[in-house]
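Beneath this line is the structure, given in C-alpha cells, with notes to follow.
Values in this document were obtained by computation on a predicted structure and should not be read as measured data. So you know, we letter chains A, B, ... as the sequences are listed, proteins then strands, and number each from 1. Basis for what follows: all heavy atoms, side chains included, without hydrogens, waters or symmetry-related copies.
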There are 2 protein chains.
Amino acid sequence: MNSGYSIDVAPTPGNRRPLYESPAFRLTVLGIHLASDFAEHLQAAGLTPKHVGMLTVIEQGLARTQDDVARLMRVSPSMIVRIADHLEQSDLIVRRRDPENRRKHVLSLTAQGKAVLGKTADFAATLDAALAARLGPDLGQGLDQALAVLMGRLTEGQ
Amino acid sequence: MNSGYSIDVAPTPGNRRPLYESPAFRLTVLGIHLASDFAEHLQAAGLTPKHVGMLTVIEQGLARTQDDVARLMRVSPSMIVRIADHLEQSDLIVRRRDPENRRKHVLSLTAQGKAVLGKTADFAATLDAALAARLGPDLGQGLDQALAVLMGRLTEGQ
DNA sequence: TATTGTTATACTCTATAACTATA
DNA sequence: TATAGTTATAGAGTATAACAATA
C-alpha cells in the first residue's frame, strides 16, 4: 500500500542484533588487528602473513601442491607462484615435480621453514598471553575450544 | 660450548604450542576469511569492509573526527580522506566543521548510513548462524562472551 | 580438451611526503 | 610551531588473461 502514510517497517527490523555485537563482525575486526600485529613482526624477516599461512598449510598437510594452497587460502594461482618463489629462494620450502603428474609441484618445508614457523609461534605466544590476561582462565578456555571447532570449517574445504 | 657435539636446545624449545593451535593465529585466520565474506557481500554496494568499519566507529561514538578514525582503524589519514569522500558522496555520512576547532571535521551518519549498517548486520546474522550451527549453544555462548571482552581492548585505545 | 603452473599486464590499495588551513 | 585534513605520488599487493607444459 504505497499510500505515503505507511509506516516504514520492513527496512529496519529493529529486533536484530547490531553489527558491532555480531560474533562474525567481531571476529573480523579482531582478526584484522591481529593480522596487522603479525605483519609488523614478520616484516623484519621480509615475510608477510601470507607467507606464514602458506608454510602452515603445507606443514599441516592441508595442501600438497600450489593449486591446493591457492584454493585453501582463497588467493589466485599467480599470487601463489610469487609467494612460493620467495619462500623457495629463501630456502624455506622446496618444490619438486610429482612423478605421477608432472604438472604438479609438490611442496614441502625445509628445516629453515620449520624454524620460521617456530619463531612465529613464539611471537604468537606473546599475543596469546595478552589475550589470556584479558580473558582469564574460564573465558580463555571457552575461546580456545570454540576456535578449535571453527578452524575445522576451513580445513574441510569450506 | 661450541663443541660441534652440542645438542641443539635453544632454537626450538619443543614444548611450545604450535602456531596452528595459537588462539591469536586462529583468530587471524578466521578473521581474514570472514573479512573476505563481508567484502564479497559488500561489493555489490560498492563498499569495502573499511567503509563499514568507519561507519561503525562513528555510530558507536568511538571516533568523532577523521583523525580519531585513522588512529582507531590503524590506517593513514590520507586513506581516511578517500573513504570519507566516498561515504559522503554516497550520502552515508556528513562532515561538518567543528566550530570550536575549525581544523576538525566532525563526522556523523545519515539515515542511509544507518541503513547500510542495518543491512550489513542482516548479512552478519547469516554468518553468525553458520558459526552457531557449528558450535552449538555452549561453545557459541563462550565465544560470544570472550569476543565481547576482547573488543574492549580495541575501544580503549590499544 | 582440461589441469597445473607461469608470465605479462593492469588495476587497486595503501602509505609517504608535500601542502593548506587553522590553532 | 603543531595539528587536522587534503592532494600528489609512488610502491606494494593482487587479480585477470595469455601462455607453456602435461595429462
Review point. Could you walk me through whether A:K104 and A:D68 pass the salt bridge (charged side-chain N to carboxylate O under 4.0 Å, His left out) check?
Key: CA-CA 10 Å; A:K104 294 186 180 181; A:D68 294 336; over 6 Å; no

Please report the distance, rounded to the nearest Å, between [atom1] in [X] and [atom2] in [N].
| X | N | atom1 | atom2 | answer |
| --- | --- | --- | --- | --- |
| B:R97 | D:dT3 | CZ | C1' | 13 Å |
| B:L107 | D:dA4 | CG | P | 13 Å |
| B:D67 | C:dT22 | CG | C1' | 14 Å |
| B:E88 | D:dG5 | CD | C1' | 13 Å |
| B:M79 | C:dA17 | CE | C1' | 16 Å |
| A:E100 | C:dT4 | CD | P | 14 Å |
| B:D68 | D:dG5 | CG | P | 8 Å |
| B:Q43 | C:dT12 | CD | P | 11 Å |

Ignoring the backbone of [X], work out which of [options] is nearest its side chain.
| X | options | result |
| --- | --- | --- |
| B:V75 | D:dT14, C:dA23, C:dA15 | C:dA15 |
| B:N101 | D:dA15, D:dA23, C:dA23 | C:dA23 |
| B:H105 | D:dA23, C:dA15, D:dT6 | D:dT6 |
| A:K104 | C:dT4, D:dG5, C:dA15 | C:dT4 |
| B:R103 | C:dA15, D:dT16, C:dA21 | C:dA21 |
| B:T48 | D:dA15, C:dC13, D:dT3 | C:dC13 |

Review point. With distance as the sole test, does A:R26 use its side chain to make a donor-acceptor pair with the main-chain N or O of A:Y20 at under 3.5 Å?
Key: yes

Contacts under 3.5 Å, N or O only, protein and nucleotides 7-11 of chain C:
none

**Study point:** ILVMFWY cluster, A:F38 and A:I83 together (side-chain gap under 4.5 Å)
**Key:** yes

Point to revise | Trace of the salt bridge (charged side-chain N to carboxylate O under 4.0 Å, His left out) decision for B:D67 with B:R71 | key: CA-CA 6 Å; B:D67 199 46; B:R71 271 193 296 266; 2.9 Å; yes

Check your understanding: Got a sec: does the CZ of A:R97 have more than 12 other heavy atoms crowding it under 6.0 Å?
Key -> yes

Practice item. Kindly give the heavy-atom pair with the smallest separation between B:T110 and B:D91, and that separation in Å. Key: OG1-O, 2.6 Å

Review point. Which sits closer to the 5' end of DNA chain C, B:D98 or B:I83, going by the nucleotide each is nearest to?
Key: B:I83

Check your understanding: Side chains of B:V69 and B:T65: does their closest heavy-atom pair fall under 4.5 Å?
Key -> no

Point to revise | Heavy-atom check, side chain of B:D98 versus side chain of B:H105, under 4.5 Å | key: no

Point to revise | side chain to side chain contact (heavy atoms under 4.5 Å, CB included) evaluation trace for B:T48 with B:L42 | key: CA-CA 6 Å; B:T48 67; B:L42 291 168; 5.8 Å; no

Review point. So does A:R71 get a side-chain nitrogen or oxygen closer than 4.0 Å to the phosphate oxygens (OP1/OP2) of C:dG5?
Key: no

Check your understanding: Would you call the rings of B:H86 and B:H51 parallel, tilted or perpendicular, where under 30° means parallel and over 60° means perpendicular?
Key -> perpendicular

**Study point:** Within residues 50-66 of chain B: residues closer than 4.0 Å to DNA chain D (heavy atoms)
**Key:** B:T65, B:Q66

